[in-house]
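First the structure, in the form of structure tokens, and then the observations on it.
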Amino acid sequence: MIDKTYQPSSFERRLYKQWMERGYFTPSVHSDAPPFSMVTPPPNITGQLHLGHGLDNAIQDTLIRFKRMQGYNTLWLPGTDHASIATEVKIVEALKKEGVDKRDLGREGFLERAWQWKEQYGGRIVEQLKSLGSSCDWTRLAFTMDENCSKAVRKAFVRMYKDGLIYRGDRIINWCPQCKTALSDAEVEYEERDGHFWHYGYTTPDGKTTVTFATTRPETMLGDTAVAVNPNDARYTHLVGKTVVVPFVNREIPVIADEYVDMEFGTGVVKITPAHDPNDFEVGRRHNLPVIRVMNDDGTMNENAGEFAGMDRYEARKAIVARLQEMGVLQKVEPHKHNVGSCYRCHTTVEPIVSKQWFVKMEPLAKPAIQAVKSGEIKFHPERFEKTYLNWMENIRDWCISRQLWWGHRIPVWYCDDCGAEICEETDPTVCPNCGGKHIRQDEDVLDTWFSSALWPFSTLGYCSNSDDFKTFFPTSVLSCGYDIIFFWVARMIFSSLYNTGKAPFKDVLMHGIVRDEQGRKMSKSLGNGVDPVEFIDRYGADTLRFALINGVANGSDIRFSQDKIDGTRNFMNKVWNASRFVLMNCEGKTLKDISAVKLSLADKWILTKLNDVIRQVTELLDKFELGMASQCMYDFVWSEFCDWYIELTKPALYGSDDKARIDTLSVLAYVLDKILKLLHPFAPFITEEIYQGMPVHSETVMTERYPEYDGKYFFADDCKLVEELKELIAKIRNIRSEYGVAPSKRIRAYVLAFDNRITECDGYIAKLCGLEETVYAPAPKGEKTVKAVCSAAACEVPLGDLVDKDKEIERINKELENVTGEIARANGKLGNRGFLAKAPANLVEAEKAKLAKYEDLRKQLQARLDELS
RNA sequence: GGAGGCAUAGCUCAGUCGGUUAGAGCGCUCGCUUCACAUGCGAGAGGUCGUAGGUUCGAAUCCUACUGUCUCUACCA
């Protein structure tokens, strides 16, 4: 027997430990069953569990449990990401507290510390994930820097290098002066900020002509190597080819003509700083301009900055503006809003800087990746994200993959100091294969974290060794993650997998949104509005968390996580618990029958039919990845059908004197509950297992039980319809009681005139659910003061003596009549429409006719009642 | 600049292939400690589905425009 109150903390840990110990999460590679596999988006080892992980895991675990119960050989592979920048920053900070600079330790020493850190804290997030109930196969836990993954990184890099898809070159990249590394375009976040437009000009050496322009970053002027105008701009044609002088550095630079300059914008003159602006860099290339860097890696001005050398970039900006003003060169300052890029890790403003970095040539990789989605080989759910993906892929630029960090996969390229050769092989060279020289040294940089994440679906499965896992589980079935990492991760996995394995890494991409707070704001540390899932689970249980995140949410849409939602979900779990307790309490000590041996009551037939309906719906929805709707179906079935009606309808039999009927009813109750637990298990694994273990008949675990399937033996359309009519009748009587304020405890009499004779067989149900002491299946005797209501299967009258208020009655009937008349008009309108009759499907026309007939009957009844009253 | 989402009850949101008397939860009103559950039960009120056109026998649903709103993306100095 289960506990009296629902206390998830009393069993969730215990059950999870049991599942793990018994190896339920681990699939077999030798199974004949069809495979179903997923890999998790690996959380950063520096990460703390947040609701995003909660959502991500809830979705994937629901899917994997569903598939497992359907008999698939399921693998859900977990792992963690080394998170190059994030981890290095964290360790550098820790060292700083000890007064140590990472350079003091040297590369080796630093890495030793980093691995230590990883061993100590890297598993924390894994333990937190377990509290969500995730049925990942922890025996296969992967890490982006473990052997499998590192081998795959090396293999992929070398192959791409040899194919000419990886190159090294001087390009403008985004530089983070705080992390002191290059970043990819995807790693820069743009934000609109208030800035200034400083207007000033450069003058020709003879001091006669000044060309004026505006800039938002005056400090870059120290690196200016030209001033550009549009070739068609008549205002400046005479100046093209002349030179002007950059103050402070006294550099004579040419005035050039380039299409890039927009004549309409500002003065139509642009100062060109090839070393610090992507567009200027391109202009510089076209005109063979010198590239002069004026900044150091830490954002201070370098020796090329003359008198400003050593200053921080913003300090230098101020100083330059002040000096320009002093010199009387500054013409005006305008406020200006512009987008400023910042580092996605530390939020420092990034600096576009020319730098020698490694890049992946994207165009050849993007083509097949675009094709895979366009052809439908890979499908996004919801579909609209395909546009987002394609839009990005079609406009993609080369990917900067080198990072000036130590923690990560070191770039497997060696340089020979003797002959200058560049060596890139799968095994580490000891001498230069070109000249045999021993003076070789490895590139200092590491790879972008996302380079290894991009290989995740196959690297983790042992792609390099063509392992059994790889053969069995690759390509994976579904990839689920938030839409915020489509570019970082999903897109890169697709092209990496197509390139390396020749196959798409997965067939379906299931996107979810972001978890927001009650007011729709992103949860963040600085706002302090985050919910700690660990704490939450202690309080409400993992099932409530998971269900609250999934229930009724459409794929890809953001979620507002509110206390209301939590309460509602917790209440639902409590409902499941108590309904189960009702069944189990009544079953105690009884020997139940298989339902094939049960004489089914009307209520039994109804609930079994409804059960079949819900099985079909939930399965269909899960097959379409509509988890939110599937859980909603379960919610409605359990609460509104099973609890509100079926359990109530079983009470006459349970509390009656017929022992045989009682056993029969209990057998059906237990049968339906068993199915409910199984249907609900993927959504709420803990509560369902705990209750399941208390069932009169149960196996070792519900999680490997077969997911319920539609059973045509228990589908009774006619009986089901009758019960729906019965519910309507019961609602009418209850309504009268309520409207007339009859105390719920008061037993009253009702007259029921059944249009459908089978209603008379429902005596026990009506009496119990309406609190009647007697039901008379005949019209009320003449002269008795009653309140009357009509529904499809019957008319009912409740004698209320002097309570009956004639005017109120007339009003009530009139209101109903109005409603029914409206419906008749609507149905008539449809049926009177030739187009409808000719073109609408026959079943709809029939249904409309049936409705019309029903409403006309009702109208007659209501009219008769009205006549009676007046 | 480009792309996309959203706009449905007081609030938060479902609504799949166009056909339901437009749904849920919360909130609200009334009544109830009825032997699974007051984390509950019963009864109710509340919506011309953003606006204007169009397609269709039929539109919350499809198309066009507009208005409002949010997000992504680009980065005109």
Side-chain angles (χ1 to χ4, degrees), chain A residues 4-6 185 190 197 213-217 220 228 260-262 264-273 277-280 338-341 382 384-385 387-388 390-392 395 483-484 486-487 513-514 518 520 551-554 556-560 562-565 567-586 620-621 624 626 628-629 632 635-636 640 643-644 647-648 651 655 731 734-739 741-745 768-771 819-820 822-823 826-827 829-830 833-841 843-845 847-848 851 855:
Chain A
K4 182 151 190 335
T5 51
Y6 169 55
D185 295 338
Y190 287 89
F197 248 146
F213 47 79
T215 178
T216 54
R217 294 186 300 154
T220 62
Y260 157 70
V261 182
D262 179 355
E264 310 295 318
F265 191 86
T267 57
V269 181
V270 186
K271 64 189 242 347
I272 300 295
T273 324
D277 182 278
N279 293 307
D280 293 6
H338 62 145
N339 280 331
V340 177
R384 66 171 185 271
F385 289 106
K387 281 183 193 152
T388 311
L390 290 172
N391 194 38
W392 189 72
N395 299 296
Y483 62 71
D484 51 331
I486 292 181
F487 308 138
I514 293 166
E518 212 138 1
N551 192 36
V553 176
S557 65
D558 290 352
I559 297 163
R560 270 188 212 221
S562 64
Q563 189 61 42
D564 277 354
K565 201 170 232 175
D567 290 343
T569 312
R570 190 263 323 263
N571 294 354
F572 175 65
M573 293 301 156
N574 193 54
K575 192 75 181 173
V576 170
W577 187 265
N578 281 300
S580 303
R581 208 161 59 83
F582 171 81
V583 176
L584 296 180
M585 272 163 51
N586 281 290
E620 269 175 27
L621 288 167
K624 287 193 284 184
E626 296 284 358
M629 277 198 252
Q632 187 75 58
Y635 182 100
D636 293 339
S640 311
C643 294
D644 286 353
I647 285 185
E648 295 308 317
K651 284 178 179 174
Y655 301 146
R734 283 170 166 178
N735 174 268
I736 292 170
R737 291 190 63 131
S738 184
E739 291 276 302
V742 179
S745 52
K768 174 75 186 171
L769 273 70
C770 298
N819 191 15
V820 169
E823 285 307 310
R826 192 192 52 78
K830 270 194 169 179
N833 185 329
R834 278 167 175 256
F836 179 72
L837 295 176
K839 293 186 183 173
N843 61 324
L844 281 175
V845 177
E848 211 51 50
K851 269 185 219 166
Y855 290 125

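Chain A is the first sequence line, chain B the second, and so forth, proteins listed ahead of strands; every chain is numbered from 1.
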Establish whether the base of B/C75 is bridged to the side chain of A/N339 by a donor-acceptor pair shorter than 3.5 Å. yes
Tell me: [atom1] of [X] to [atom2] of [N], nearest whole Å?
X: A/I514; N: B/C70; atom1: CD1; atom2: C1'; result: 11 Å
X: A/F582; N: B/C41; atom1: CZ; atom2: P; result: 14 Å
X: A/R734; N: B/C41; atom1: CZ; atom2: P; result: 11 Å
X: A/R826; N: B/U48; atom1: CZ; atom2: C1'; result: 16 Å
X: A/R581; N: B/C35; atom1: CZ; atom2: P; result: 12 Å
X: A/Y483; N: B/U73; atom1: OH; atom2: P; result: 11 Å
X: A/N551; N: B/G15; atom1: CG; atom2: C1'; result: 14 Å
X: A/I736; N: B/G44; atom1: CD1; atom2: P; result: 11 Å

Side-chain ion pair, A/R217 and A/D277, N-O less than 4.0 Å: yes
Does B/C63 adopt a syn or an anti glycosidic conformation, taking syn as a chi angle within 90° of 0? anti
Return the nearest nucleotide to the side chain of [X]; candidates are [options].
X: A/K851; options: B/U21, B/G15, B/A43; value: B/U21
X: A/N735; options: B/G2, B/U21, B/G44; value: B/G44
X: A/E823; options: B/A14, B/U21, B/G42; value: B/U21
X: A/R384; options: B/A36, B/G4, B/A77; value: B/G4

Which whole number of Å gives the distance between the [atom1] atom of [N] and that of [M]?
N: B/C66; M: B/U21; atom1: P; answer: 35 Å
N: B/G58; M: B/A45; atom1: C1'; answer: 31 Å
N: B/G15; M: B/A24; atom1: C1'; answer: 10 Å
N: B/G47; M: B/G10; atom1: C1'; answer: 11 Å
N: B/U8; M: B/G23; atom1: C1'; answer: 10 Å
N: B/U51; M: B/A3; atom1: C1'; answer: 24 Å
N: B/U39; M: B/U33; atom1: C1'; answer: 15 Å
N: B/U16; M: B/A52; atom1: P; answer: 23 Å

Hey, does the side chain of [X] come within less than 4.0 Å of [N]'s phosphate (OP1/OP2), counting only N and O?
X: A/K387; N: B/C72; result: no
X: A/S580; N: B/C37; result: no
X: A/R560; N: B/C13; result: yes
X: A/Y260; N: B/C75; result: no

Going 5' to 3' through nucleotides 25-34 of chain B, assign each nucleotide B (protein heavy atom under 4.0 Å from a base atom), S (under 4.0 Å only from sugar-phosphate atoms) or - (no protein heavy atom that close). SS--------
Classify the nucleic acid contact of A/Y6 as base, sugar-phosphate or nothing, counting any heavy atom under 4.0 Å across all strands shown. nothing
All N/O contacts under 3.5 Å from nucleotides 56-60 of chain B to the protein, with atom names and distances to one decimal?
unit_1, atom_1, unit_2, atom_2, d
B/C57, OP1, A/K839, NZ, 2.1
B/C57, O2', A/N833, OD1, 3.3
B/C57, O2', A/N833, ND2, 2.3

Secondary-structure stems, RNA chain B, at least 3 Watson-Crick or G-U base pairs under 3.5 Å: B:1-7 with B:67-73, B:10-13 with B:23-26, B:28-32 with B:40-44, B:50-54 with B:62-66
Side chains of A/Q563 and A/D567, donor plus acceptor under 3.5 Å: yes
Do A/N586 and A/Y655 have side-chain N/O donor and acceptor atoms under 3.5 Å apart? no
If you draw the axis of the six-membered ring of A/Y6, does the NZ or CZ of A/K575 fall within 45° of it and under 6.0 Å from the ring centre? no
Can you name the closest pair of heavy atoms from A/E648 and A/L769 and give their distance? O-CD1, 3.8 Å
